[in-house]
Every structure is written in C-alpha cells, then in structure tokens.
Student: 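Before I ask anything, here is the structure I am working with.
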Amino acid sequence: MRTFKNKFHTWEFQTLYVTDRAEAMQIVSSLDRSILYGLDIETAKHPDFKEHKQAGLCPRLSTIRLLQIFDGVGRSYVFDVWSIGFDVFIHFLKAGRFVAHNAVFEAQHIRYNGVPDINIGCSMLMSQLVHGAEFSPFEEDPEEEAEPDGLSRYTRTGHSLDAVTQRLFKVVVNKQNQLSDWSVEELSTAQITYAGLDAVLTYRCAKELLPKIKEYKLERHYKLLKDSQHVVAEMQLQGLPVDWKYHAELLKGWVAVKEKAATECKVFFGDTNLNSSKQMNEWLRTYFKDRPEVLQNWPRTTREQSITDFRKNGPKERAFTFVRTELGKYLQLPEIVALLNYKKFSKLVDTYGESLTKKRHPTTGNLHPGYTLGMTTTGRLSSRNPNAQNFPSDQEFRNMFKAPEGYELVVSDLAQIELRLQAEFSKDPVMCAVFKNGEDIYKQMASSLFKVPVEQVTKPQRKVGKVVMLALGFGMRSKKLGQYALNSGIHESAAFWEKAYKTYHSTFKVYSTWCDRMRDRATKLGYIETLLGKRRKLTKEQIYTAAPNTVIQGTAAELLLLAMLKCKQTCSDFATIVASVHDEVLLLVKKEDAPQAIECLSAAMCAAMVDLFPKAVSHKVADASAAVAWGDAKEEL
DNA sequence: TTGGGGGGCGCG
DNA sequence: AAAGCGCGCCCCCCAA
C-alpha cells in the first residue's frame with residue numbers, strides 16, 4: 001500500500017493506494033457498514049474495443065480498474081481492482097451506504113459485476129434538484145452580468161462534479177486527469193490522487209446538498225430518483241432487442257421510395273438541395289412570384305435570424321417555413337407531393353437507417369438507448385443514442401423491436417394519464433365523472449362539440465375531441481387551435497374552433513379555475529412544484545401555460561417512475577424492463593412468464609396511482625399485453 | 001475541422 | 001391581448 005497526504009480546499013485527507021488482495025480484504029472487513037461513503041470508479045476499455053468511443057461507459061466493453069471509497073473522515077482508499085479482484089468488495093457493496101456523482105454509471109457497472117441494487121445516492125441528482133429550487137427566476141440572466149467570482153456560465157448551470165464543487169465551495173478543480181488512460185499497468189501518482197479526490201468531492205458535495213434537499217422539501221422526489229437509478233441502469237444494460245434482418249428489409253424499402261421521390265423532385269426542383277431551408281426559400285419565391293398573395297400568407301419563421309447573422313448583415317425579413325401542415329394545403333401540385341414524400345422517407349433513411357445499424361451493440365446485438373434521469377425541467381426521463389422515445393409509432397416500424405426466440409415483450413401504458421391527473425388535481429366534477437364511470441373522455445368532448453349522443457360519436461369526431469382536450473388543457477387559444485389541429489389532419493372553420501374553445505372552458509370550469517390557481521401560485525412564488533415536490537422556476541412569460549403543464553406532466557412522470565419501481569419489485573425474478581416512453585413500459589420475459597408479467601405490470605401501474613392519489617376516482621389506469629414484437633403487443637392494447 | 005444555432009419532425 | 005408542454009436527432013449554415 002502506498003499512501004499520500006493530500007489537501008483540497010480545507011479538507012485534509014490521506015489517499016491510500018491498495019494493490020494487494022489480502023490487504024484489501026482486511027481493509028474492507030474493517031470498514032463500518034453503517035456510515036455513508038463517497039464512491040467512485042474508473043473504468044478501462046477492453047483491449048478489443050479501444051476504438052469504440054463509448055466503450056468506457058459500457059460494462060461489457062470495459063472493466064472496473066479502480067474503486068475509490070472515501071470514509072467521510074480522512075481516508076480515501078483507491079483500490080486497484082485489477083490486482084485485487086472485484087469479489088473482495090461484493091459483500092461490502094451490498095451492505096454499505098454510498099454516494100457517487102452520476103451514480104447511474106457506478107450502479108450499472110457494479111450491477112453488471114454482481115451487486116444489482118446497491119444503496120447509492122447521487123450528488124448530481126441532488127445538485128440538479130437543489131439548483132432547480134434555489135435561485136429566484138426573477139434574478140437577471142447571469143449571462144448578462146459580469147463574472148465577479150470568475151465562474152463561467154457553465155459552472156453556474158452545469159452539474160458535472162467540478163461544476164458542482166466550484167459552485168458550492170468556490171474552488172476550482174483541476175480536471176486534467178479526468179479522461180486519462182486507466183488501462184496502463186503503472187498508474188501515475190497524479191492519476192491515483194485524482195481518483196481518490198473524486199470520492200472525496202462527491203461526498204463533500206452530498207453532505208452540503210442533503211440538508212438543502214430537506215430544506216426545499218425535495219426528499220420524496222429525490223428518493224424516487226435515487227431508487228429509479230436502478231431501473232435506468234437495468235434498461236441501459238439490457239437494451240432493446242432488434243430483428244436486424246427485418247430492419248434491413250424496411251430500410252431497403254425506405255431507400256427505394258426516397259430515391260424515387262428524389263428523382264421526381266429533380267424534375268421540379270433541379271439542383272436545389274431539398275434539405276436546405278435557404279435554397280428552398282429561393283425556390284418558393286421564384287415559384288410563386290406571380291402569386292404574391294400566396295407568399296403573403298405563407299408562414300414564416302418566428303425569429304428574424306441568428307444573432308451572429310444579425311450583427312453581420314443587419315435586420316432582414318423572416319424566412320419561409322416548410323412545415324408539413326402548410327405544404328399539405330398544396331397537394332394538387334405534383335412538386336409538393338414529391339417533396340413531402342422525399343421529406344418523409346429521407347427522415348426515415350437518415351435517422352433510422354445506417355445510423356441505427358451503427359448503434360448495434362458489438363456483443364449483445366441490441367440497441368442500448370441511454371436514459372437521463374433528472375435532466376428535464378418537468379422530471380421526465382429523456383432518451384438518446386438512439387432516442388427510444390420518438391420512434392415512429394406505426395406497427396410496421398415498431399415491429400423492428402422483437403424479442404429473441406422463446407421470449408416476448410410485454411407492453412403497458414397509462415391510459416390518458418395527463419387527463420386523469422387534470423381530473424385528480426382539480427377535482428373537476430365533469431372530468432372525474434368520466435373517469436369514475438370508465439367512460440371515454442375524448443368521446444364525451446366530441447359529443448359536446450358536435451352535439452350528438454356519445455354512442456353516435458364517429459372516429460374522426462373523437463379525434464377532434466382528443467385534439468381539443470390536449471391543446472386546451474394547458475391554455476392554447478382558439479386562434480392557434482385550428483393550426484394545431486392541422487397537424488392531426490383535421491380541417492375545421494375558425495368559427496368551429498372558437499365555439500370549441502368556449503365549450504371546453506364552460507364544460508370544465510373547475511379545471512380551468514385550478515389552472516388559474518397554479519398560475520397565481522407560480523406568479524407569487526416564482527416556481528411551481530410537482531406532487532412529490534420537484535420545483536421548476538418559471539419566468540413570467542412561461543407561467544400561463546407551463547405552470548399547469550409542469551404539475552401535470554411532472555406528476556405523470558413521477559407516477560411512471562414509481563410504477564416501474566413497483567414492477568421491478570414484483571417481477572425482477574423473471575422480467576427485465578427494457579424501455580420506457582413517458583406513459584409506456586416495455587418488459588422482456590420468457591414466453592411462459594408473459595401472463596404473469598402482464599398481471600404484475602398493470603398491477604404496478606395501479607399501485608403507483610394508489611400511492612400518489614389514494615382517493616382517486618379510479619385506480620385502474622393501465623392495461624398490458626404481450627407479443628413477440630413491440631408493434632404487435634401495442635396493437636393489442 | 002469543430003461547435004452552436006436554427007428549422008423541421010418524430011414521439012408522449 | 002396573447003400564450004401547448006416536454007424531449008433528441010438530422011441536416012444546413014456560419015464562424016472560429
């Protein structure tokens with residue numbers, strides 16, 4: 001063992017670099033299991049995946065080189081896992097309490113190495129929550145101010161360990177060794193002390209932030225996020241199973257249509273780059289030069305131009321936009337039909353072709369979308385690389401995701417969850433009655449709008465009802481409603497939307513009043529909070545729509561996280577959560593376990609509703625079904 | 001070559 | 001008087 005005396009800020013501590021197995025065993029067995037430890041790991045890429053950019057993040061493509069444990073007093077152990085062996089730490093990791101920065105990363109590696117649900121807090125989650133609560137939104141934009149304390153905008157708003165440390169303690173962290181190579185035989189003293197320091201910093205930040213979590217009443221939400229880290233770790237590790245042969249067939253089809261459309265477009269648009277808004281603006285101007293009234297009414301971008309452009313060229317008129325809803329008005333023109341076709345299929349080819357193939361995992365063959373916890377303003381998860389939350393929803397596309405031989409996918413979704421929450425929060429009698437009686441709220445709305453009995457509402461009419469419920473629920477005005485409805489392919493007169501607006505607000509008077517109460521609250525406090533207490537600061541301009549929306553959307557996000565946790569508790573023996581899409585959860589199970597998983601998942605959704613809204617008019621919020629492919633399972637709901 | 005902003009669009 | 005909200009990814013364009 002080599003020891004170093006270190007000091008950072010006002011903290012003096014010892015870094016103990018341990019390489020001997022017997023010595024490590026002795027140290028680990030002597031560590032008190034009841035206190036909180038700062039924890040960090042450094043990973044080294046597997047030699048076969050040195051070129052793989054994200055290999056260090058993936059437990060299958062890298063291994064844990066160092067495990068750092070800070071005891072909160074004065075000792076930061078840096079264990080060289082390569083020479084010690086990971087098994088030495090398993091019992092301790094199972095029994096202890098830890099905190100790490102971006103702990104999903106640690107949880108994922110440690111889970112893969114045999115400790116599935118380590119008790120670990122996260123100083124990054126704490127920082128995000130506290131930061132969201134702590135400063136008044138009415139302060140001026142820090143970007144406009146001078147930089148009195150030498151902190152960049154990044155360190156004011158970012159949540160990396162160094163940014164958080166700088167913000168809390170006003171000291172600068174030397175980040176030089178952050179991306180150093182942890183696979184070298186002999187680690188340098190600088191590397192070892194850097195590694196040891198990180199465990200100290202995450203501990204210190206957590207100690208500073210935990211009282212603030214309490215102060216701002218963020219405990220319930222924080223607890224939810226802390227537990228949810230394991231759901232995220234599980235999803236990221238398991239990944240989404242893909243039928244790559246099927247994908248290749250789909251892609252072939254997309255490419256064919258795209259190329260055909262491109263050839264057609266060539267005739268009409270010549271060498272104009274169809275993806276370039278600048279060039280398309282030129283084309284539009286020329287094409288309609290004899291019909292100024294068309295150009296007059298053509299929608300334009302909201303911004304005049306980029307700021308840099310403005311500085312350079314001075315003010316300039318706003319550009320035309322090429323949104324599908326506008327283009328859709330000109331379907332009698334062959335050039336527009338060709339253009340729309342090109343846009344649709346180039347999107348598919350560009351986003352879900354080669355780019356998806358490249359993301360195929362080298363050892364599992366799955367896609368492994370990442371999920372971010374605590375990053376969004378409302379508290380939802382977000383997904384990336386690839387984004388599993390915005391895959392086209394048609395059955396053909398979703399069937400690309402297919403369980404392997406002998407397995408099935410179980411899908412469950414929270415039915416009309418945002419509307420249910422509108423009802424529960426406001427206790428609007430009309431909304432509540434609908435859900436209590438298990439009726440269809442979109443049909444009810446359509447019935448009022450078109451003045452027909454509920455039983456006689458047609459499918460297109462129901463669709464209008466749905467658009468009205470969703471758009472007006474958060475404060476859209478009648479003028480925009482018509483434009484918005486076009487996105488769903490609905491054409492109605494301005495007078496119709498005017499009427500719909502009035503009908504909505506007179507039908508749901510109590511809900512409308514609740515929205516106003518949320519706006520008043522946000523205006524008074526400068527922020528609004530979800531059911532479990534996550535705060536979101538709001539500017540005056542945001543309040544009208546975002547205040548009610550944040551409560552609803554944010555609480556729906558909490559409900560889904562809670563449901564996933566409960567699902568994990570009851571079916572972790574035989575099912576794995578593989579995806580989550582805001583109101584939808586996807587499980588992978590052996591075929592024979594599917595019926596049980598369906599039960600568990602829908603029960604978990606209902607149990608979450610009971611937890612958050614014990615007095616809800618209905619707790620039956622979800623259905624589940626199973627099939628080999630995602631699209632087919634969804635279709636059965 | 002890289003990074004950021006904007007337009008556009010997919011999902012809930 | 002007027003106001004959908006929340007994401008991430010693709011391409012283009014421009015500046016450094």
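Residue numbering restarts at 1 for every chain, and letters A, B, ... go by the order of the sequence lines. Predicted, not measured: the structure shown is a model, and the values here were computed from it. These values consider heavy atoms only, across backbone and side chains, with no hydrogens, waters or symmetry-generated copies.
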Student: Where the side chain of A:Asn549 is defined as all heavy atoms beyond and including C-beta, which of B:dG8, C:dC5, B:dG12 is the nearest nucleotide?
Tutor: C:dC5
Student: Given that both distances must come in under 3.5 Å, which nucleotide forms a Watson-Crick or G-U wobble pair with C:dG4?
Tutor: none
Student: Once you round it to whole Å, what is the distance between C1' of B:dG12 and CG of A:Leu560?
Tutor: 11 Å
Student: Would you mind classifying the nucleic acid contact of A:Glu541 as base, sugar-phosphate or nothing, using non-hydrogen atoms under 4.0 angstrom?
Tutor: nothing
Student: Could you state the NE2-P distance from A:His505 to C:dG4, rounded to the nearest angstrom?
Tutor: 12 Å
Student: NA contact type, A:Tyr544, heavy-atom cut-off 4.0 Å: base, sugar-phosphate, or nothing?
Tutor: base
Student: Within a reach of under 6.0 Å around NZ of A:Lys620, are more than 12 heavy atoms found that belong to other residues, nucleotides or ligands?
Tutor: yes
Student: How many Å lie between CG on A:Leu373 and C1' on C:dC7, as a whole number?
Tutor: 15 Å
Student: Can you find a side chain N or O atom of A:Lys278 that sits less than 4.0 Å from OP1 or OP2 on B:dG6?
Tutor: no
Student: Starting the side chain at C-beta, find the nucleotide from B:dG12, C:dC5, B:dG8 nearest to A:Ala546.
Tutor: C:dC5
Student: To the side chain of A:Pro392, which of B:dC11, C:dG6, C:dC14 is closest?
Tutor: B:dC11
Student: Using modelled atom types and a 3.5 Å cut-off, is there a donor and acceptor pairing between side-chain atoms of A:Arg398 and backbone atoms of A:Pro392?
Tutor: yes
Student: Decide if the gap between the ring center of A:Trp514 and the ring center of A:Phe508 is smaller than 6.0 angstrom.
Tutor: no
Student: With distance as the sole criterion, do the side chain of A:Arg380 and the base of C:dG6 form a donor-acceptor contact below 3.5 Å?
Tutor: yes
Student: Spell out, as yes or no, whether a donor-acceptor pair under 3.5 Å connects the side chain of A:Lys537 to the backbone of A:His131.
Tutor: yes
Student: Keeping A:Thr351 on the side-chain end and A:Leu348 on the backbone end, is there a donor-acceptor pair under 3.5 Å?
Tutor: no
Student: So what does A:Ser383 hit on the nucleic acid, given a heavy-atom distance under 4.0 Å: a base, only sugar-phosphate, or nothing?
Tutor: sugar-phosphate
Student: Name the closest nucleotide to the A:Asn275 side chain, picking from B:dG8, C:dG4, C:dC12.
Tutor: C:dC12
Student: Rounded to whole Å, please give me the gap between CZ in A:Arg519 and C1' in C:dA2.
Tutor: 12 Å
Student: Has the side chain of A:Asn390 got a donor or acceptor that lies under 3.5 Å from a partner of the other kind on the base of B:dG10?
Tutor: yes
Student: Tell me: CG of A:Leu538 to P of C:dA3, nearest whole Å?
Tutor: 19 Å
Student: Among C:dC13, C:dG8, C:dG6, find the nucleotide with the atom closest to the side chain of A:Arg384.
Tutor: C:dG8
Student: Does A:Thr351 make a side-chain N or O approach to OP1 or OP2 of C:dC9 shorter than 4.0 Å?
Tutor: no
Student: A:Lys466 has an atom NZ; how far is it from atom P of B:dG12, in whole Å?
Tutor: 8 Å
Student: Of all the choices, C:dC11, C:dC5, C:dG4, which nucleotide is nearest to the side chain of A:Gln553 once you look at every atom?
Tutor: C:dC5
Student: Compare side-chain N and O positions of A:Thr545 against OP1 and OP2 of C:dC5 and report whether any pair is under 4.0 Å apart.
Tutor: yes
Student: Any side-chain N or O of A:Lys480 under 4.0 Å from OP1/OP2 of C:dG4?
Tutor: yes
Student: Would you indicate what A:Asn385 reaches in the nucleic acid, counting non-hydrogen atoms under 4.0 angstrom: base, sugar-phosphate, or nothing?
Tutor: sugar-phosphate
Student: Return no unless some side-chain N or O of A:Asn273 is found under 4.0 Å from OP1 or OP2 of C:dC12.
Tutor: yes
Student: Are A:Glu282 and A:Lys278 within salt-bridge range, i.e. N to O under 4.0 Å?
Tutor: no
Student: Kindly say whether A:Lys479 contributes a backbone atom to a donor-acceptor pair with the side chain of A:Trp497 at under 3.5 angstrom?
Tutor: no
Student: Rounding to an integer number of Å, can you tell me how far A:Leu356 CG sits from C:dC10 C1'?
Tutor: 13 Å
Student: Taking the minimum atom-to-atom distance to the side chain of A:Lys479, which one of C:dA2, B:dG12, B:dG8 wins?
Tutor: C:dA2
Student: From C-beta outward on A:Asp350, which listed nucleotide comes closest to its side chain: B:dC11, C:dA3, C:dC11?
Tutor: C:dC11
Student: Tell me the interatomic distance from A:Leu274, atom CG, to B:dC9, atom C1', rounded to whole angstroms.
Tutor: 16 Å
Student: With a 4.0 Å cutoff (strictly under), does any side-chain N or O of A:Thr550 reach OP1 or OP2 of C:dG6?
Tutor: no
Student: Which nucleotide in the list B:dC11, C:dA3, C:dC10 gets nearest to the side chain of A:Arg477?
Tutor: C:dA3
Student: A:Ser382 has a side chain; which of B:dG12, C:dA3, C:dC7 sits nearest to it?
Tutor: C:dC7
